[in-house]
Amino acid sequence: QAFEAAPEHPILIDRFLEDAFELDVDAICDGEHVVITGVMQHIEEAGIHSGDSTTVVPPYAIAASDQDRIRRLTHRLAKLLKVHGLMNVQYAIAKGELYVIEVNPRASRTVPYVSKATGIAFAKIAARVMSGRSLEKEGLTAEPKLTSYFVKAPVFPFSRFPDEDPVLGPEMKSTGEVMGISDSFGEAYAKALLCAGTLLPRDGRVFISLNENDKKLSVIPLVKELRSLGFEIVATRGTRQYLVEHGVEAELVLKVHEGRPNIVDMMINDEIDLVINTPLGRSAFYDDTYIRRTSLQRRIPCITTLSAVAACVEGMRAMQEGRGSVRSLQELHAT
């Protein structure tokens with residue numbers, strides 16, 4: 001049909017990478033030498049706009065061998081493209097394969113984030129490199145080593161648009177970003193969400209509604225972990241059946257169109273403390289949209305990807321264990 005509509009023009013066909021991790025890599029090249037400034041892992045799966053993805057440096061769930069492949073490829077790309085200054089590369093890892101999504105020979109939005117994490121003014125160094133100075137003269141000859149986790153979380157304007165569906169996709173919706181710092185990934189993630197306006201609960205009820213693609217064995221340990229942390233599980237019929245079949249106790253709740261009292265009634269009555277709702281593409285059901293909008297209006301944390309659920313579980317575990325540290329960037333870099 002596309003060829004019939006435009007017979008004289010090429011047709012572009014895209015294929016979506018499912019269950020893929022996405023990464024951002026920043027580097028500086030002076031024409032001869034390349035220094036990677038940071039390898040950042042997106043917590044949301046590939047397909048979410050990079051500006052809307054929560055990001056952690058250093059990566060917390062990417063094998064060292066894959067990180068080494070990424071570093072080697074970044075070095076090769078910078079030299080082949082004859083980059084002088086900053087460069088950003090976006091990668092995806094799916095089923096062991098490494099994909100290059102895009103390469104940008106310029107500064108990216110992650111440069112200030114990595115600069116704050118490392119205490120190094122990469123934009124200043126890159127500007128001098130572009131004027132002809134070498135990385136060696138700038139004193140930057142190796143990738144900075146990090147001893148803490150730095151989580152960048154986007155800030156969304158959804159509270160000002162209560163009728164907007166907060167589900168994320170390839171279109172950028174965030175209007176700012178914050179950063180959480182800790183020696184543990186879970187605490188850094190919880191801090192970042194708190195700064196962005198989302199307070200993860202320490203106890204209570206978790207509502208879960210998964211699409212068919214997300215009903216897979218990897219979700220069962222996450223739900224069991226929520227149970228072990230003391231949370232009660234509430235689920236719609238199909239999701240509850242799947243959980244019970246795999247040994248997870250869950251309370252049944254009706255969807256909006258199934259009658260009352262339903263899940264929206266429970267949310268309005270402050271009986272739900274966390275929503276896990278994974279929509280299936282842009283054609284999400286009416287119930288799913290209504291649930292996410294209600295969570296937004298009632299200020300109930302709403303998680304829409306399984307990878308973010310895993311991060312939230314770590315964050316809530318850290319909060320329950322009482323780990324807590326407050327350090328300014330100046331204190332952090334002074335030590």
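Just so we're clear, the structure is a prediction, and the values are computed from it rather than from any experiment.
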Check which hydrophobic residues are tied to Met172 through side-chain heavy-atom contacts below 4.5 Å, counting indirect links as well, and list them. none
Check the hydrophobic clustering (I, L, V, M, F, W, Y; side-chain heavy atoms under 4.5 Å; chains of links allowed) and say if Leu146 and Ile28 are grouped together. yes
Remaining members of Leu17's ILVMFWY cluster at a side-chain heavy-atom cut-off under 4.5 Å? Tyr99
Sidechain N-carboxylate O distance under 4.0 Å for Asp273, Arg202: no
Within this structure, what is the CD-CE distance for the pair Gln90 and Met40, rounded to the nearest 0.5 Å? 9.5 Å
Going by chain and number, the hydrophobic cluster around Ile70 (ILVMFWY, side chain to side chain under 4.5 Å) further includes Phe21, Leu23, Val25, Ile36, Val39, Ile62, Leu73, Leu77, Leu81, Val83, Met87, Val89, Tyr91, Ile93, Leu98, Val100, Val103
Heavy-atom closest pair (Ala188 atom, Ser182 atom, distance to 0.1 Å) is N-CB, 3.5 Å
Hey, quick one: are Ile43 and Ile276 part of the same hydrophobic cluster, counting side-chain heavy atoms closer than 4.5 Å, chains of contacts allowed? yes
Rounded at 0.5 Å granularity, tell me how far CD in Glu102 sits from OG in Ser50. 7.0 Å
Smallest separation among heavy atoms of Pro154 and Ala196, with atom names: O-CB, 3.7 Å
Would you compute the distance between atom CZ of Arg205 and atom CD of Glu232 and round it to the nearest 0.5 angstrom? 5.0 Å
Within the 4.5 Å heavy-atom criterion, are Ser108 and Arg106 side-chain neighbours or not? yes
Backbone of Arg133 reached by a side-chain donor or acceptor of Glu138 within 3.5 Å: no
Can you tell me how far apart CZ (Phe231) and CD (Gln320) are? Round to the nearest 0.5 Å. 5.5 Å
Looking only at heavy atoms, what is the nearest atom pair of Glu97 and Arg69, with distance? C-NH2, 4.3 Å
Heavy atoms, side chains only, cut-off 4.5 Å: are Met266 and Pro261 in contact? no
Show your reasoning for whether side chain to side chain contact (heavy atoms under 4.5 Å, CB included) applies to Asp270 and Arg298. CA-CA 8 Å; Asp270 295 327; Arg298 305 294 299 180; 3.3 Å; yes
Would you mind reporting whether Thr118 and Thr37 have side-chain heavy atoms less than 4.5 Å apart? no
From Leu194 CG over to Glu187 CD, what is the distance, rounded to the nearest 0.5 angstrom? 11.0 Å
Is there a path of hydrophobic side-chain contacts, each under 4.5 Å between heavy atoms of I/L/V/M/F/W/Y residues, joining Met267 to Phe207? yes
Are any of the side-chain heavy atoms of Cys195 and Met179 separated by less than 4.5 Å? no
Side-chain donor-acceptor pair under 3.5 Å between Ser174 and Asp52, yes or no? yes
Run the side chain to side chain contact (heavy atoms under 4.5 Å, CB included) test on Tyr242 and Val223 for me, step by step, so that the C-alpha distance in whole Å, both residues' side-chain angles and the decisive distance to 0.1 Å come before the verdict. CA-CA 12 Å; Tyr242 180 79; Val223 182; over 6 Å; no
Please answer whether the main-chain N or O of Thr55 pairs with a side-chain N or O of Lys152 as donor and acceptor at a distance below 3.5 Å. no
Are more than 12 heavy atoms from other residues, nucleotides or ligands located less than 6.0 Å from atom CD of Glu245? yes
side-chain contact (heavy atoms from CB on, under 4.5 Å) against Ala308, all qualifying residues, sequence neighbours excluded: Glu44, Tyr189, Ile303, Thr305
Within one Ile-Leu-Val-Met-Phe-Trp-Tyr cluster: Val129 and Val34, side-chain cutoff 4.5 Å: no
NE2 of His33: more than 12 outside heavy atoms within 6.0 angstrom? no
From Thr239 atom OG1 to Leu210 atom CG, the distance as rounded to the nearest 0.5 Å: 4.5 Å
With under 30° as parallel and over 60° as perpendicular, where do the rings of Phe185 and Tyr60 fit, or are they tilted in between? parallel
What's the shortest heavy-atom distance between Ala123 and Val111, and which atoms? N-CG1, 4.3 Å
Check the pair Val57 / Asp24 against side chain to side chain contact (heavy atoms under 4.5 Å, CB included), numbers first and verdict last. CA-CA 10 Å; Val57 59; Asp24 259 292; over 6 Å; no
Decide whether Val151 and Tyr113 are clustered together by the hydrophobic rule: side chain heavy atoms of Ile, Leu, Val, Met, Phe, Trp, Tyr closer than 4.5 Å, transitively. no
A side-chain contact here means heavy atoms from C-beta on lying under 4.5 Å apart; do Ile263 and Lys255 qualify? no
Is there a side chain to side chain contact (heavy atoms under 4.5 Å, CB included) between Leu193 and Cys312? Walk through the geometry before answering. CA-CA 9 Å; Leu193 290 191; Cys312 282; 4.3 Å; yes
Going by side-chain heavy atoms closer than 4.5 Å, which hydrophobic residues are tied to Ile13, directly or by a chain of links? Phe3, Ile11
Please test Arg71 against Glu143 for salt bridge (Lys or Arg N to Asp or Glu O under 4.0 Å), starting from the C-alpha separation and ending with a verdict. CA-CA 10 Å; Arg71 288 183 172 93; Glu143 179 181 348; 2.7 Å; yes
Residue of the set Thr278, Ile208, Leu306 for which side-chain contact (heavy atoms from CB on, under 4.5 Å) holds with Val219: Leu306
Verify the neighbour count for atom CD of Glu251: are there more than 12 heavy atoms of other residues, nucleotides or ligands below 6.0 Å? yes
Are Arg237 and Leu254 close enough that some pair of their side-chain heavy atoms sits under 4.5 Å apart? yes
Shortest non-hydrogen contact between Arg299 and Gly197, atoms and distance: NH2-O, 4.0 Å
So with a 6.0 Å cut-off around CG of Asp203, is the heavy-atom count from everything else above 12? no
Using a 4.5 Å cut-off on heavy atoms from C-beta on, say whether the side chain of Pro144 contacts that of Val114. no
Would you call Glu177 and Arg109 a salt bridge, taking side-chain N to carboxylate O under 4.0 Å as the test? no
Side chains of Gln67 and Pro59: closer than 4.5 Å at any heavy-atom pair? yes
Going by atom types only, do Thr110 and Asp26 share a side-chain donor-acceptor pair under 3.5 Å? yes
Just to verify, what does Glu225 make a side-chain contact (heavy atoms from CB on, under 4.5 Å) with, not counting sequence neighbours? Ser228, Leu229, Val313, Arg317
Any idea which heavy atoms bring Asp183 and Tyr149 closest together, and the distance? O-CD1, 3.6 Å
